[in-house]
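These notes concern the structure reproduced below.
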Amino acid sequence: PFSAGAEMPELAQAPSVIREQLLFPYVAGLEFLQVFWGGPAGRTPPIGASMPATTEQILHPGQFGTENVRSPAPLRFDRPPPDNWTEVFQGGLGEFDIRLILREFLPSRDIADQAAAGWDGDMYRLLDGQEGESLVWISRWDTPNDAREFAVAAERAFGVRYQGEPGRKVSVRRIGELTVLVQDVPSELHAGLPSSAASYVEE
């Protein structure tokens with residue numbers, strides 16, 4: 001964990017997720033280069049088209065360029081928001097940001113980091129409707145065990161997040177062996193979101 005110290009008091013007082021995101025390119029980026037350049041001679045330099053494209057690739061420099069750390073599965077929502085719902089934002093997180101989310105609510109960094117490992121792509125959309133905001137989050141994982149481990153961790157993390165707050169209802173379920181769907185909706189939405197809200201394709 002980073003300690004900003006007296007030289008950067010504003011950063012030291014910022015939420016950990018902000019600190020970690022600001023420092024990640026410098027700290028993790030340096031570690032990536034150290035491991036990369038300490039590897040076998042003649043490796044293709046990570047520049048141009050060979051540059052890392054995901055935080056997963058930065059987090060696992062020893063596996064960069066191997067089948068274990070490859071380009072993520074391209075996911076996208078294939079339908080517009082359901083009637084009476086507006087899409088506020090859409091994006092992806094990546095392994096590092098998933099780590100940060102889980103770290104906030106799980107007992108240890110190791111548990112959170114292990115649950116985020118095996119990431120193979122994700123996409124979320126934030127919807128706004130009469131009942132309030134809803135989150136639909138699709139994630140893809142390398143193996144069935146990775147998907148299972150993340151689903152368990154996500155359900156536990158959201159449970160801690162909303163403990164004592166009756167206003168939200170969260171469902172975490174696996175779709176097939178490798179995909180996990182998380183829906184975080186207002187508790188007033190008894191029937192849940194229309195199925196089209198989570199309709200997606202893997203290109």
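In this chain, numbering begins with 1 at the start of the sequence shown. These figures come from a predicted structure and were not determined experimentally.
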**OP:** Return the minimal non-hydrogen interatomic distance between Gly132 and Trp85, and the atom names on each side.
**Re:**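 Reported closest heavy-atom pair: O-CZ3, 3.5 Å.
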Subject >> Shortest non-hydrogen separation from Ala116 to Leu102 and the atoms involved >> reply: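 Scanning both residues completely, I find the closest heavy atoms to be N-CD1, 4.3 Å.
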**OP:** If you link ILVMFWY side chains whenever their heavy atoms are less than 4.5 Å apart, which other residues fall into the same cluster as Val160? By chain and number, please.
**Re:**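 For the cluster that includes Val160, the remaining residues are Phe105.
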**OP:** Sequence neighbours left out, what passes ring-ring contact (aromatic ring centres under 6.0 Å, His included) with Tyr124? Give chain and number order.
**Re:**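 Once residues adjacent in sequence are excluded, Tyr124 has no partner under the ring-ring contact (aromatic ring centres under 6.0 Å, His included) criterion.
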**OP:** Would you indicate whether Glu165, at its atom CD, is surrounded by more than 12 heavy atoms from other residues, nucleotides or ligands within a distance under 6.0 Å?
**Re:**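 Atom CD in Glu165 is crowded, with more than 12 foreign heavy atoms closer than 6.0 Å.
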Subject >> side-chain contact (heavy atoms from CB on, under 4.5 Å) assessment of Arg140 paired with Leu75 >> reply: CA-CA 8 Å; Arg140 181 84 173 177; Leu75 303 170; 4.2 Å; yes
**OP:** Mind checking the CG-CD1 spacing from Leu106 to Ile101? Nearest 0.5 Å is all I need.
**Re:**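 Going from CG on Leu106 over to CD1 on Ile101, the span is 11.0 Å.
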Subject >> By side-chain hydrogen bond (donor to acceptor under 3.5 Å, both in side chains) - contacts of Arg148 (at least two apart) >> reply: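 Scan of Arg148 (side-chain hydrogen bond (donor to acceptor under 3.5 Å, both in side chains), adjacent residues dropped) gives Asn145.
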**OP:** If a pair satisfies salt bridge (charged side-chain N to carboxylate O under 4.0 Å, His left out) and one of its residues is in residues 182-201, list it, with sequence neighbours excluded.
**Re:**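 For residues 182-201: Arg168-Asp184.
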Subject >> Pairs meeting criterion salt bridge (charged side-chain N to carboxylate O under 4.0 Å, His left out) with involvement of residues 173-182, two or more places apart >> reply: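 Residue pairs with at least one partner in residues 173-182: there are none.
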Original post:
Should the pair Arg125-Glu133 be classified as a salt bridge under the 4.0 Å nitrogen-to-oxygen rule?
Top reply: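 Not counted as a salt bridge, because no side-chain N and carboxylate O are separated by less than 4.0 Å.
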**OP:** With sequence neighbours excluded, give me every ring pair (Phe, Tyr, Trp, His ring centres under 6.0 Å) pair touching residues 151-184.
**Re:**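 Of all non-adjacent pairs touching residues 151-184, none passes ring pair (Phe, Tyr, Trp, His ring centres under 6.0 Å).
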Original post:
Does the gap between the ring centers of Phe150 and Trp137 come in under 6.0 Å?
Top reply: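 They qualify: ring centres under 6.0 Å apart.
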